[in-house]
Amino acid sequence: MSKDASIYPATNDTIAQAGDVLARGGLVAFPTETVYGLGADATSEEAVASIFAAKERPSFNPLIVHVPDLETARSLVEFTPLAEKLAAAFWPGALTLVLPRKAGVKLSLLVSAGLDTVAIRMPNHPIATQLLRAAQKPIAAPSANKSGQISPTQASHVAQSLPGKVDMILDGGPCAVGLESTVVDACGDRAGFLRPGGVSIEQLEAVAGPLIYPDDAPDAPKSPGMLTSHYAPTLPMRLNASTHKDGEILLGFGDCEGASLNLSPTGDLEEAAANLFAMMRELDQDGYQTMAVSPIPKEGLGLAINDRLKRAAAPR
């Protein structure tokens, strides 16, 4: 099949076809509850390498392995008591666990970017689950966009960002969460907080207790999404903007005058999270010098939103 980035409505037939593409080493973009993933066979070095090539992604940024069930996850990584507790509370769902790779397991070394750990999760989306079962392999799947650009929350975003680089795009409609998964190091007795996302700190601490926080910019990140400049639109970004200046286009939040688009006029962080990437993409257009963004509360999902915005606004 040629890589023409064709979009296919997700049906039983097209999902089965996509599973076959994955099993043969191809690339398939598919919906999850967080964002659209760019999937490849996680047991094939060549298939995983094709993800890095398609995304133009730095090789030291690990990928997340997606599995359809807990049994598959346990066959790939060593589950700690902490991991069992977190999986019971949040799987399937928007939580990725970083755990030790099992000895001798057939997973691409590129998945972990040279680390002895694997980032793994069970998505909470019927199309993703059906696809994973059809492929009969664990699937490595970062967000389905060119590295550093805005993450895709609709099938059309994938086609725009990765033209000619994907064998199939399964269309399952807009993603419900709209932010990538939260990533937690569960190798020890205490949870290490590596990346904000669809599961909040408050939810994690209610299950795991106080979290351990790493440095903001580690030299060799254990987690996807930890590069300083990431999720970046073409326009420079000015954060925590109370007003917008001449030459700026404003992405608002809450009660905000003059915004071209508003993440949530009512100040709902869940709504803002679901809208973030799609609205950033829509406002990233010619004719403006800067994208200004209204202040977002630094609590709950607001932490994840601010993390994404900080990385998007980082110098590059």
Side-chain angles (χ1 to χ4, degrees), residues 18-30 32 34 37-55 57-80 82-84 86-87 90-123 125 128-144 147 166-167 180-188 192 194-195 197 218 220-227:
D20 182 62
V21 170
L22 289 170
R24 292 188 285 107
L27 290 177
V28 173
F30 62 97
T32 74
T34 57
L38 180 63
D41 177 4
T43 69
S44 166
E45 296 286 358
E46 293 78 10
V48 174
S50 70
I51 292 177
F52 289 93
K55 285 177 63 68
R57 180 187 179 102
S59 61
F60 51 85
N61 202 8
L63 305 180
I64 295 174
V65 175
H66 291 65
V67 294
D69 50 50
L70 194 54
E71 180 182 3
T72 303
R74 290 195 181 111
S75 73
L76 300 173
V77 294
E78 299 286 354
F79 260 72
T80 61
L82 173 62
E84 294 283 1
L86 289 168
F90 299 110
W91 278 13
L95 178 67
T96 292
L97 299 176
V98 175
L99 291 166
R101 174 195 295 255
K102 278 196 169 180
V105 73
K106 190 183 178 185
L107 275 178
S108 163
L109 295 176
L110 284 174
V111 164
S112 302
L115 301 172
D116 294 327
T117 53
V118 176
I120 193 164
R121 91 173 181 102
M122 186 196 314
H125 195 290
T129 300
Q130 188 176 347
L131 176 63
L132 289 166
R133 295 193 187 284
Q136 298 185 349
K137 295 176 182 290
I139 299 302
S143 57
S147 186
V166 186
D167 292 298
E180 286 93 340
S181 59
T182 301
V183 183
V184 168
D185 180 351
C187 293
L194 298 178
R195 183 181 77 179
K222 295 179 72 173
S223 160
M226 293 185 69
L227 296 180

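Atoms considered below: every heavy atom in the structure, side chains included; atoms not considered: hydrogens, waters and symmetry mates. For this chain, numbers begin at 1 and follow the sequence in order. Worth saying up front: this structure is predicted, and the values here are computed from it rather than measured.
Note that CD1 of Ile51 is 8.5 Å distant from OG of Ser108, once rounded to the nearest 0.5 Å. Rounded to the nearest 0.5 angstrom, Glu71 CD and Ser75 OG are separated by 7.5 Å. To the nearest 0.5 Å, atom CG of residue Leu63 and atom CD1 of residue Ile139 are 12.0 Å apart. To the nearest 0.5 Å, atoms CD (Gln136) and OG1 (Thr72) are separated by 10.5 Å.
Of all heavy-atom pairs between Gly188 and Thr80, the closest is O-OG1, 4.3 Å. Closest of all the heavy-atom pairs between Pro138 and Leu76 is CB-CD1, 3.8 Å. When all heavy atoms of Cys187 and Thr117 are compared, the pair lying nearest together is SG-CG2, 3.8 Å. Listed here is the closest heavy atom pair of Ala42 and Val48: CA-CG2, 4.0 Å. The two residues Ala135 and Ala23 come nearest to each other via the heavy atoms O-CB, 4.1 Å.
Leu97 has its side chain within reach of Trp91: a pair of non-hydrogen atoms, C-beta onward, lies under 4.5 Å apart. Counting heavy atoms from C-beta outward, Leu22 and Arg24 have side chains that stay 4.5 Å or more apart. Counting heavy atoms from C-beta outward, Lys55 and Leu38 have side chains that approach closer than 4.5 Å. Using a 4.5 Å cut-off on side-chain heavy atoms (C-beta onward), Ser181 and Leu95 make no contact. Pro123 places a side-chain heavy atom less than 4.5 Å from the side chain of Leu132. The shortest distance between side-chain heavy atoms of Leu107 and Val118 falls below 4.5 Å. Counting heavy atoms from C-beta outward, Thr96 and Val184 have side chains that stay 4.5 Å or more apart. Taking 4.5 Å as the limit, some side-chain heavy atom of Val183 sits within range of a side-chain heavy atom of Val98.
Ionic pairing of Glu180 and Arg121 is not present here: no N-O contact between side-chain nitrogen and carboxylate oxygen is shorter than 4.0 angstrom.
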Inset, instruction - Start with the C-alpha distance between Val67 and Ile120, add both sets of side-chain angles, then the distance that settles side-chain contact (heavy atoms from CB on, under 4.5 Å), and finish with yes or no. - result: CA-CA 7 Å; Val67 294; Ile120 193 164; 3.9 Å; yes

Inset, instruction - Check the pair Leu109 / Glu45 against side-chain contact (heavy atoms from CB on, under 4.5 Å), numbers first and verdict last. - result: CA-CA 7 Å; Leu109 295 176; Glu45 296 286 358; 3.6 Å; yes

Inset, instruction - Take Glu78 and Leu99 through the test side-chain contact (heavy atoms from CB on, under 4.5 Å) and record every step on the way to the result. - result: CA-CA 6 Å; Glu78 299 286 354; Leu99 291 166; 5.9 Å; no

Legend entry - Steps toward salt bridge (charged side-chain N to carboxylate O under 4.0 Å, His left out) verdict (Arg74, Glu84): CA-CA 10 Å; Arg74 290 195 181 111; Glu84 294 283 1; 2.8 Å; yes

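The salt bridge (Lys or Arg N to Asp or Glu O under 4.0 Å) check on Arg101 picks up nothing, with sequence neighbours excluded.
In terms of modelled atom types and a separation under 3.5 Å, the side chain of Asp167 and the main chain of Leu27 share a donor-acceptor contact. When atom types are taken as modelled, the side chain of Thr129 and the backbone of His125 share a donor-acceptor pair closer than 3.5 angstrom.
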